[in-house]
Amino acid sequence: MTAVDHNLLNDLQARGLIAQMTGDDQLYTWLQESRTLYCGFDPTADSLHIGSLVPLLTLRRFQQAGHKPLALVGGATGLIGDPSFKAQERKLNTPDIVASWVEKLKAQVSRFIDFDCGESSATVVNNLDWIGSVSVLDFLRDVGKHFSINNMIQKESVKQRIDREGDGISFTEFTYMILQSYDFAELYKHHNCTLQIGGSDQWGNITGGTDLTRRLHGAQVFGLTLPLVTKSDGTKFGKTESGTIWLDPAKTSPYAFYQFWLNSADADVYKFLRYFTFLSVGEIDRIEAEDKGASGRPQAQGVLAKEVTRLIHGEEGLYAAERITSSMFSGELSDLSESDLQQLALDGLPSSRLTKEDLAKPLTSLLADCGMVKAGREVKDALGRNAVLINGEAKGPEDNMKTAEVFAAEKALFGRFLLVKLGKKKNHLFELA
RNA sequence: GCAGGGGUUCCCGAGUGGCCAAAGGGAUCAGACUGUAAAUCUGACGCGCAAGCUUCGGUGGUUCGAAUCCACCCCCCUGCACCA
């Protein structure tokens with residue numbers, strides 16, 4: 001059996017990963033032996049995004065410390081919708097869609113935890129398996145009776161919805177907490193699961209579960225929440241203008257993923273290293289100290305991008321991301337071979353083929369249509385500032401209507417590749433058809 | 001059902017007959033400075049290369065002219081009433 005790392009909670013603490021926990025000291029003692037814990041992920045999309053990364057990685061930290069993780073995919077709760085700290089009632093997804101998402105999340109979650117490591121091997125469970133078969137009357141009599149509406153409406157997580165002038169909260173969403181509480185009680189009963197972890201927005205749901213388990217089974221179980229990831233500038237973590245950063249490489253390429261982390265602000269990057277990597281706290285402190293002492297560009301963002309990309313997309317994904325990054329930001333296009341250019345597109349550099357019709361469009365339309373920018377106006381602005389480079393050559397507003405000319409085969413690398421750079425960070429590879 | 005309040009460009013939020021593609025803030029994009037950072041400053045920010053075109057819940061109407069006025073409709077909120 002795996003040796004239990006008695007220092008786990010201290011490490012989590014040092015990483016800033018503990019927002020709240022039930023039974024403070026008792027949990028320390030409790031975790032001196034190998035325990036079973038769970039964390040839930042609701043299928044609200046066909047992929048998880050980096051918002052779920054902290055709980056996911058924490059599950060892994062527990063497993064590495066010798067505990068047994070259960071990853072719960074919310075096939076049932078996903079049909080209801082968690083109202084916690086949500087401003088508005090959400091629209092329901094159809095059961096077949098949720099079911100298909102459940103399958104995707106199961107596969108995704110499975111990559112982070114080990115299913116074959118003896119006693120602490122992980123298990124994936126789906127709460128539809130037990131909630132789906134409970135009758136309404138049984139549920140109301142056996143579970144509902146343990147919940148006091150008076151207490152439920154006091155929960156911070158739904159308070160704003162209840163007090164709200166605008167949208168209120170439906171009975172459906174209000175019930176969510178009871179379902180999640182029931183999950184914990186069930187997992188205790190059938191898997192001897194005694195700890196639930198989750199984002200700090202889950203506190204109300206988690207304590208609901210510890211209470212219910214005590215009432216139904218007379219057992220003490222624990223809850224621990226992880227901090228909400230915030231950015232120093234106050235904007236939402238995990239979103240860029242081009243959208244959410246997904247874990248699915250088909251939705252967010254490893255290159256885009258790598259770039260996301262590489263662009264972390266100095267004020268956030270050391271915190272992110274503690275949250276999102278398995279580097280030791282000591283190692284991270286050392287990096288921080290070195291960066292503080294050195295002038296110029298810190299090494300932290302590079303380390304962060306490398307570690308997290310490897311964690312999510314593996315060595316290959318990381319290699320692809322680094323390849324593209326070094327080609328695109330070194331500025332030396334001549335270093336690239338023909339096969340290099342071909343590979344870049346496969347590696348996830350945005351790319352497209354240029355047809356004759358494309359060459360008839362103004363640059364503004366062309367670059368907007370291929371997704372580089374949202375509207376032609378941005379291209380116009382960039383052209384006016386010499387911020388559009390085609391194969392390294394700056395283009396101006398007068399070139400806007402000369403698409404065929406600037407994308408002429410004679411100017412293309414190897415007669416067919418044209419690399420467009422807009423601003424500092426946007427690159428797109430065109431291949432002449 | 002009755003009474004009252006409200007629906008404005010990605011978000012918040014001004015605007016109550018022409019000077020409105022619509023203040024201000026946020027977000028976002030680009031430039032300068034840098035380090036593919038932050039802060040700051042500059043520009044852009046409905047669509048369009050442009051001429052121009054399309055917007056202020058919906059549909060009609062009044063008017064030379066409507067986001068602004070009128071009618072009807074839809075949706076949301078708050079009270080009150082009512083019924084299973």
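In what follows, every chain begins at residue 1, and chains take the letters A, B, ... in the order their sequences are listed.
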I would like to know whether A:D266 and A:K292 meet salt bridge (charged side-chain N to carboxylate O under 4.0 Å, His left out); could you show each step before the answer? CA-CA 10 Å; A:D266 293 4; A:K292 283 234 167 68; over 6 Å; no

Whole-Å gap separating [atom2] ([N]) and [atom1] ([X]):
| X | N | atom1 | atom2 | value |
| --- | --- | --- | --- | --- |
| A:K425 | B:U28 | NZ | C1' | 12 Å |
| A:K292 | B:A37 | NZ | C1' | 14 Å |
| A:L389 | B:A30 | CG | C1' | 13 Å |
| A:F237 | B:A27 | CZ | P | 18 Å |
| A:K426 | B:U36 | NZ | P | 17 Å |
| A:K231 | B:A37 | NZ | C1' | 11 Å |
| A:M372 | B:U28 | CE | C1' | 16 Å |

[X]: side chain to side chain donor-acceptor pair (under 3.5 Å) partners, not counting sequence neighbours:
| X | value |
| --- | --- |
| A:D248 | none |
| A:D5 | none |
| A:T309 | none |

With sequence neighbours left out, write down each residue that passes side-chain contact (heavy atoms from CB on, under 4.5 Å) with [X], or none if nothing qualifies.
| X | value |
| --- | --- |
| A:Y319 | A:R323 |
| A:L279 | A:L273, A:T277, A:E283, A:I284, A:I287, A:V303, A:E307 |
| A:K426 | A:M372, A:V373, A:E378, A:L422 |

Using the [atom1] atom as the reference point in each nucleotide, state the distance between [N] and [M] in Å, no decimals.
| N | M | atom1 | result |
| --- | --- | --- | --- |
| B:A66 | B:U59 | C1' | 15 Å |
| B:G13 | B:G7 | P | 10 Å |
| B:A3 | B:A81 | C1' | 10 Å |
| B:A67 | B:G57 | C1' | 12 Å |
| B:A27 | B:C11 | C1' | 7 Å |
| B:U63 | B:G18 | C1' | 12 Å |
| B:C10 | B:C70 | P | 27 Å |
| B:A22 | B:C45 | P | 10 Å |

Could you please name the partner base of [N], counting Watson-Crick and G-U wobble pairs only when both distances are under 3.5 Å?
| N | value |
| --- | --- |
| B:A71 | B:U59 |
| B:G18 | B:C64 |
| B:G48 | none |
| B:G43 | B:C29 |
| B:G4 | B:C77 |
| B:U9 | none |

Where at least one partner belongs to residues 102-112 of chain A, residue pairs that pass side-chain hydrogen bond (donor to acceptor under 3.5 Å, both in side chains), sequence neighbours excluded: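 Residue pairs passing side-chain hydrogen bond (donor to acceptor under 3.5 Å, both in side chains), neighbours aside: A:S47-A:Q108.
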
Any ring pair (Phe, Tyr, Trp, His ring centres under 6.0 Å) pairs touching residues 382-433 of chain A, not counting sequence neighbours?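 Qualifying pairs, neighbours excluded: A:F407-A:F430, A:H428-A:F430.
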
Assign each of A:N386 and A:S232 to its nearest nucleotide of RNA chain B by heavy atoms, then name whichever residue's nucleotide is nearer the 5' end.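 With A:N386 and A:S232 compared, the 5'-side residue is A:N386.
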
Tell me which of A:T235 and A:P298 sits closer to the 5' end of RNA chain B, going by the nucleotide each one is nearest to.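 It is A:T235, whose closest nucleotide lies nearer the 5' terminus.
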
What's touching nucleotides 32-34 of chain B from the protein side, N or O pairs under 3.5 Å?
residue : atom : partner : partner atom : Å
B:C33   : N4   : A:K424  : NZ           : 3.4
B:U34   : N3   : A:K424  : NZ           : 3.3
B:U34   : O4   : A:K424  : NZ           : 2.1

Tell me yes or no: between the side chains of A:Y38 and A:D183, is some donor less than 3.5 Å from an acceptor?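 No, no side-chain donor-acceptor pair sits under 3.5 Å.
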
How does protein contact run along nucleotides 41-51 of chain B, one letter per nucleotide 5' to 3', with B for base contact, S for sugar-phosphate only, - for none, heavy atoms under 4.0 Å? --BSS-BBBS-

Please work out if A:P397 contacts a base, only the sugar-phosphate, or nothing of the nucleic acid, heavy-atom cut-off 4.0 Å.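 The answer is nothing, as A:P397 stays clear of every strand by at least 4.0 Å.
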
Flag this pair as yes if the NZ/CZ of A:K231 is under 6.0 angstrom from the six-membered ring centre of A:F272 and inside a 45 degree cone about the axis; otherwise no.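 Pair A:K231/A:F272 does not count as cation-pi.
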
For A:K306, does the NZ atom sit with more than 12 other heavy atoms under 6.0 Å from it, leaving out its own atoms?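 Not more than 12 within 6.0 Å, no.
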
Sequence neighbours left out, what passes ring-ring contact (aromatic ring centres under 6.0 Å, His included) with A:F147? Give chain and number order.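 None.
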
Where along residues 258-267 of chain A does a heavy atom come under 4.0 Å from RNA chain B, residue by residue in number order?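 Residues of residues 258-267 of chain A under 4.0 Å from RNA chain B: A:Q259, A:L262, A:N263, A:S264, A:A265, A:D266.
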
